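Structure record follows, encoded as structure tokens.
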Amino acid sequence: MEFFCYHRDRTGSLPLREELLEAHWSYMDGFAAEMIARGPTLTADREVPTGSVHVLDLPGPAAARAFAFDEPGHQAGVYRDVLLRRWRNTLGRTMWDFPGGRTQGDRFLVLGLGAGAAADLEVPPGRDELIAYGPLLSDDGDTWLGTAALVRAPDPETARALLTVDRYAEIEVHPWQFGGRPS
């Protein structure tokens, strides 16, 4: 089962986040085979992390909760909250298969929180600009709760246009970059 996990940083937690970076990476190394995408969200100037996104394939909801809540930064209080949802990998690939590479262009997390009937279930045009894309689902996988996408786009407005605006209670767009240990 695939899951989308977004840890959002607590205000003022950057020094603690930096102190725990190696512990975070070591923890994530244990999930390398399950990882579909990962990386930090950033401030508008792309200088300071604001959260941490992980999309991965795990045995079930209990394993996903353990992944999210046992993470060293979460245990130490780096994060203010965690969004954890079932997810479906509609692209059928990982971020490492993204044809645009790790560094070319600006990248964004687009997070649409659903309101009503399911929307945007099909992969939108511009597939080559999508790094990851899929619906957010209830634990049993039966109820659509929104959509999460990682996309390369020239600006936040273009990234937001991936989703059908009037089908969501809220759409968030955050600068994002490929994560993991530096090569």
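Since this is a predicted model, take the numbers as computed values, not measurements.
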Using a 3.5 Å distance criterion without hydrogens, assess whether the side chain of R167 forms a donor-acceptor pair with backbone atoms of A117. yes
Rounded to the nearest 0.5 Å, what's the gap from OG on S26 to CG on L20? Could you check? 11.0 Å
Distance, nearest 0.5 Å, that separates CZ of F67 from NE2 of H54: 5.0 Å
Should R85 and D139 be marked as a salt bridge (charged side-chain N to carboxylate O under 4.0 Å, His left out) after you check the CA-CA gap, both sets of side-chain angles, and the distance that decides it? CA-CA 7 Å; R85 293 283 183 247; D139 278 356; 5.6 Å; no
Does a sphere of radius 6.0 Å around CZ in R88 hold more than 12 heavy atoms from other residues, nucleotides or ligands, not counting ones at 6.0 Å or beyond? no
Short N-O contact, D140 and R86, less than 4.0 angstrom: no
CG on L136 to CH2 on W87, rounded to 0.5 Å: 9.0 Å
Indicate the atoms forming the closest heavy-atom contact of D70 with Q75, along with that distance. O-CG, 3.8 Å
Side chains of D155 and T158 only: does a donor on one sit below 3.5 Å from an acceptor on the other? yes
Are L137 and V82 connected in the hydrophobic side-chain network, where two residues link if heavy atoms are under 4.5 Å apart? no
Sequence neighbours excluded and cut-off under 3.5 Å, please list the side-chain donor-acceptor pairs for residues 141-151, or say none.
from	atom 1	to	atom 2	distance (Å)
W144	NE1	G146	O	2.8
T147	OG1	Y168	OH	2.8

Same cluster or not: L83 versus F31, using hydrophobic residues (I, L, V, M, F, W, Y) connected whenever any side-chain heavy atoms lie under 4.5 Å apart? yes
Test side chain to side chain contact (heavy atoms under 4.5 Å, CB included) on D29 and R181 and set out the steps. CA-CA 9 Å; D29 288 347; R181 292 182 186 275; 2.7 Å; yes
Tightest non-hydrogen contact, residues L91 and Y133, listed as CD1-N, 3.8 Å
Can you find a pair of side-chain heavy atoms, one from L130 and one from P124, that are under 4.5 Å apart? yes
Gap separating the CD atom of E34 from the CG atom of D57, nearest 0.5 angstrom: 7.5 Å
Taking all non-hydrogen atoms of both residues into account, name the closest pair between L84 and A68 and its distance. CD2-CB, 4.1 Å
Has R46 got its NZ or CZ under 6.0 Å from the middle of the six-membered ring of F108, at an angle within 45 degrees of the ring axis? yes
What orientation do H74 and F69 show, parallel under 30°, tilted 30 to 60°, or perpendicular over 60°? perpendicular
Using side-chain heavy atoms (C-beta onward) and a distance below 4.5 Å, is W96 in contact with M35? yes
Going by heavy atoms in the side chains, are T90 and P135 under 4.5 Å from each other? yes
Same cluster (ILVMFWY, side-chain, under 4.5 Å), L163 and V123: yes
Under the salt bridge (charged side-chain N to carboxylate O under 4.0 Å, His left out) criterion, do D81 and R10 qualify, and how do the steps go? CA-CA 8 Å; D81 60 49; R10 181 177 48 80; over 6 Å; no
Can you name the closest pair of heavy atoms from F4 and L111 and give their distance? CE2-CD1, 4.0 Å
Counting distance only, does the side-chain N/O of W176 pair as donor-acceptor with the main-chain N or O of G39 below 3.5 Å? yes
Under 3.5 Å side-chain donor-acceptor pair for T50 and T41: yes
Let me check something: do F178 and V110 share a hydrophobic cluster, defined by ILVMFWY side-chain heavy atoms less than 4.5 Å apart, either directly or through other members? no
If you draw a 6.0 Å radius around CD in E170, do more than 12 non-hydrogen atoms from other residues or ligands fall strictly inside? yes
Between G100 and R107, the two heavy atoms sitting closest are O-NH2, 3.5 Å
M1 vs P61 side-chain heavy atoms within contact, under 4.5 Å: yes
Cluster link M28 to V53, ILVMFWY, side chain under 4.5 Å: yes
Salt bridge (charged side-chain N to carboxylate O under 4.0 Å, His left out) between D9 and R17: does it pass, once the steps are laid out? CA-CA 9 Å; D9 286 16; R17 177 190 250 276; 2.7 Å; yes
From L14 CG over to L16 CG, what is the distance, rounded to the nearest 0.5 angstrom? 9.5 Å
Which atom pair, heavy atoms only, marks the closest approach of R93 to I36? O-CG2, 3.6 Å
Compute whether any side-chain donor of one residue and acceptor of the other, for H174 and E172, lie under 3.5 angstrom apart. yes
In terms of the angle between their ring planes, are Y79 and H7 parallel, tilted or perpendicular, with boundaries placed at 30° and 60°? tilted
Is there a side chain to side chain contact (heavy atoms under 4.5 Å, CB included) between V55 and T94 once you walk through the steps? CA-CA 9 Å; V55 183; T94 72; over 6 Å; no
Straight-line distance of E71 CD to C5 SG, nearest 0.5 Å: 8.0 Å
